[in-house]
Each structure stands twice: as C-alpha cells, then as structure tokens.
Amino acid sequence: MGMSDFKDVLADFKELGSLSLKGVAVAPWIDLWLKMGPPPAKWIAPLTSLFQFVVVMWGFNFWSKLKREELNRRMKIALSMFCLGLITSILLIGVFTISPGNGRERVIKGWVIRNEIQPLFNSSYIPEQALREGEYDPNMIWTTASIETIRIVITVVWLATFASLAGYLTAFIVLHRRYPTRRLPSADQAHKA
Amino acid sequence: MNLMGAKSTNRFTDILTVCLLVTSVSWLNAQPRITSNASSLPYRGEMIDGQTSSDTRKQDSVGSLNQLASEEIVRDIEFLGKTRFSVDLHDQTYFYDPTPVSASFVLAKDDPYEVPLEALIRIKALRRDFSAAVPTNDFWIAPLGSIEAVVNACIRDLGEPKADGTTTDVRKCSVRIQAQFDKLGESISSFASAQKFTPSEILRRRDPAPGYRVQIKIDPPSARVRVMPLLEYRKNQYFKIPLTNYRWNDLLASESDMIGWYHYRAEWPAELNGLEEGDFCITKPQAITFKPPQK
C-alpha cells in the first residue's frame, strides 16, 4: 500500500498517457472563455489542438522505433522547449497585448508607431493611453505591418509551446510502450517464492 | 428616436412653406381635385388640361426638392451636407462616403419623398466635392447625371397613379437609385486605380475592439449630441484641423456599442446654456444621460 500503489498508478501509463493526451488537446479550448492567449481565441484554440494532434501522430509514426536513449533525449528537449515557450508566451502576451476589459479579446499592439501620430506622444502621453482613447483600435497607433508581425510571432510561440508539450507526452508514451516498466515482486510474493 | 431641436423645427418649417407654395401654384394652374395620402407635396389630381398640368406639377415637385437639397448642403455642412469625396495628393489617397443618411432626418416619417430628397442631397454634396477635389476630371459627371435623372424620374412618378391604378413603389425607387450610386462607385474606383490612389480607409484599416452596449439618453431631448474617439479629437486639435472638417458621429437616444474614451459635443438650445463639450469613458455596459450644463 502507499507508495507501491502510487507507483502502480503511475506505472499504468496506458490510462494515464491517454488521459494526458486528451487533456492536452482539450486545454487550448479553455482559452475561449479565459481569453488569456493570443487573439482571436476562436481560431487559436482549434489551431492549437490541431497542431498538437499532428505532433502526436508524428511522434507515434516516426518515434516508435527509436532507442530508449533517443526517446529520453527528445523528452528532455520537448520539456525544455515547453518551459521556454511558456515563459516567452507569457512575456510576449504581457508586453505586446492589452485587455480592453472583461470578456473582451486581448488587443495586439505593434512596435512601429505611425508617423502621423508620433508627434502626440511624450512622457505623459503614451501609446497605451492613445489605444484606450482610440476604441482600442491598434491600427490608429501602430503600423499594420508591425501589428501583424507581432501577431505572427506570438501565435507561433504559442503553438510551439503546446506542440512541445504534446511532443513530451508522446515521447513518454512511446517510451513506455516500447520499454514497459517491469513490476518488481512485492516482499510477500518474494517470500512465498 | 426623437430629436426635436431648433434646427429640426426650422427645417420642417421650410419644408412646409415650400409644400404650401407648390400646392398653391398647382391649384392656381390646373384647378385639380387634389387627393393626397402623403404629408408633403401633392402628386395626384384630376386633370383638366391633361398632360400639361400634370407635367407642370411634376416639374414643380422636382424643382422644389432640388432647391431644398441645395439649401440643405449649404445650411448643414456637418451632417446632411457633409464632405463625401476628397483627395489627398500627398498621401495618394481618396475618401468616398456614399452611405445614405437615415431618411427620417430628412423629412417626416413615411413621407414618400424622403428617399429621393435624401438622394438629391447626396448628389448635391458629391457634385460640390467633385468640383472642388477633381475639377479637371470629368469621370463623375455622367454617372452623377444618371443618378439625378433617376431621382427626378422617381419624384415625378411617386404617387402618380399608373394605368392600372397603382402608385410607384418607393422601395423600387430606392433600388434604382442605389444601382446608379453603385455605378458611380465603380467610376470612382476606376479613376482611383488610374491615378494610383488608395482609399484612405484601407490605408488605415479600422478594427476597433467590440464595444459595450451603452444606452444613450438625452434629457431633455433637445440637443444634438455628437462624439468622436478622444484620440481623433486630440489629433484634430494638435494638427489644428478646422472644426468644420471634424468627423463627428451623431449620437442618438438609443443603444450604441462603445469602448474606451470619447469626446462629445452637445448642442443645447440657448435657453439651456448652449454648447457643451467634454469627455467620457466606457469600460462596461452602462447608461449615459446627457443633461444641459448648469451655469
């Protein structure tokens, strides 16, 4: 009992792995309500799930015959990429997006201010304030090209983050299907034997 | 909604005066038995002098409405007679606004002439703007003339009983007029392509965040309230844009979708302390009531 049961549950990776994969695929859809990710959520959520599904299929198809060491290495790389991607996503979303209010999609800012509006800004009047005064229309303050560039960067990083997570789980499942964990006999079983 | 200001009252008085004049002239000319189911111009009657009397009354209607439209674009350059076409040679852009004003701002509700009069006002405004912006180009002359011809034909036909006893449907007039405006739009697009102009709206793609539902009240409902995003107001002030070129949006006593900061201008009657300006911010669904300033 106790730790051995815990190990048994963890060792039952078939159920755990399946649940994890399903959970990871569903997780992006939560953003439809939370609106914490890059906008528009109604596109990004299904796109993220699709990306993860592609990564899982890729992993099962191409990684099934890899050696244990290679699978372990890929797990580490995927986990590292997930952590790095998560931090980068949080940073990018925090710096380059702004929330107009409750229940509203985040608005993506640009990084090149329009020539005609540049003269308005000074130390007491910043672009974010102008955004609030412009119906949260970023095209009134930044160039469209810069806004779209930021949008692409944030979206790619977001997709890569969740794809890494899917890759990590896939490598884990493939590893333990190919090299199943041997269950060591309990003390009682060993004594009887 | 009901906007009853001094301006609307004056406009209605003018329209009523014209209607009475036309009615009087028509009565004196043709001694018809005028039966009318509309509130404005007479358009039906028993002819004694056949076509001549009918043609005279039709021409009077056309002339009266054209004159009214001409007066409106002079009197109200900020709303009914606002700028609808302009060219920016520096940015190589052009601005074209063909959107009709709600006909309820033009004549009394259900008046059969509200659609053609609104179209005439647009035509007059466009002719003024084309002449000012592109005086050496004539791409607009023929299409605008076609629109005017259709509108004048509608005015003549409205209410005039057809051979089968029915009257011209205002909606059909509206469709025909819109078709002509679409052709004008195509002419403008061709001109712009030839001159390598781009629409000013495309250069600065507008994509405001979805607004919150705001209930607007004007108490008492005797002011014209207009708004614009505060950022646009700041730009106008900084670049010293003439007040007549400010692009205001009329705020009606109904629901609007708004978000962020706005600058408003409420034109109260003199007895309610006149003009008022200020800013307000929308961060959630709410109701806003505009009241006259206290002195």
- Closest non-hydrogen atom pair between B/Tyr212 and A/Pro100, with its separation: OH-O, 4.2 Å
- Flag if over 12 foreign heavy atoms under 6.0 Å of CE, A/Met81: no
- Query: Quick one: what part of A/Pro39 sits under 4.5 Å from any heavy atom of chain B, side chain, backbone, both or neither?
  - Reply: neither
- Item | Segment of A/Ile117 engaging chain B (4.5 angstrom heavy-atom cut-off) | side chain
- Is a donor on one side and an acceptor on the other found under 3.5 Å between the side chain of A/Arg132 and the backbone of B/Ile259? no
- For atom CZ of B/Phe191, is the number of surrounding heavy atoms from other residues, nucleotides or ligands below 6.0 Å larger than 12? yes
- Query: Does a donor on one side chain and an acceptor on the other come within less than 3.5 Å for A/Glu133 and B/Tyr233?
  - Reply: no
- Query: Looking only at heavy atoms, what is the nearest atom pair of B/Gly260 and A/Tyr136, with distance?
  - Reply: CA-CE1, 4.2 Å
- Decide yes or no on side chain to side chain contact (heavy atoms under 4.5 Å, CB included) for A/Asp137 and B/Leu231, but give the supporting numbers first. CA-CA 10 Å; A/Asp137 180 2; B/Leu231 177 62; over 6 Å; no
- Report, as yes or no, whether the 6.0 Å neighbourhood of atom CG on A/Asn61 holds more than 12 heavy atoms from other residues, nucleotides or ligands. yes
- Task: Decide if atom CZ of A/Phe53 counts as having more than 12 heavy atoms of other residues, nucleotides or ligands within a radius under 6.0 Å.
- Result: no
- Is the side chain of B/Arg234 donor-acceptor paired with the backbone N or O of A/Leu120 at a distance under 3.5 Å, no angle test? no
- Min side-chain heavy-atom separation B/Trp261-A/Gln129 under 4.5 Å: no
- Message: Within this structure, what is the CD-CD1 distance for the pair A/Glu135 and B/Ile282, rounded to the nearest 0.5 Å?
- Response: 10.5 Å
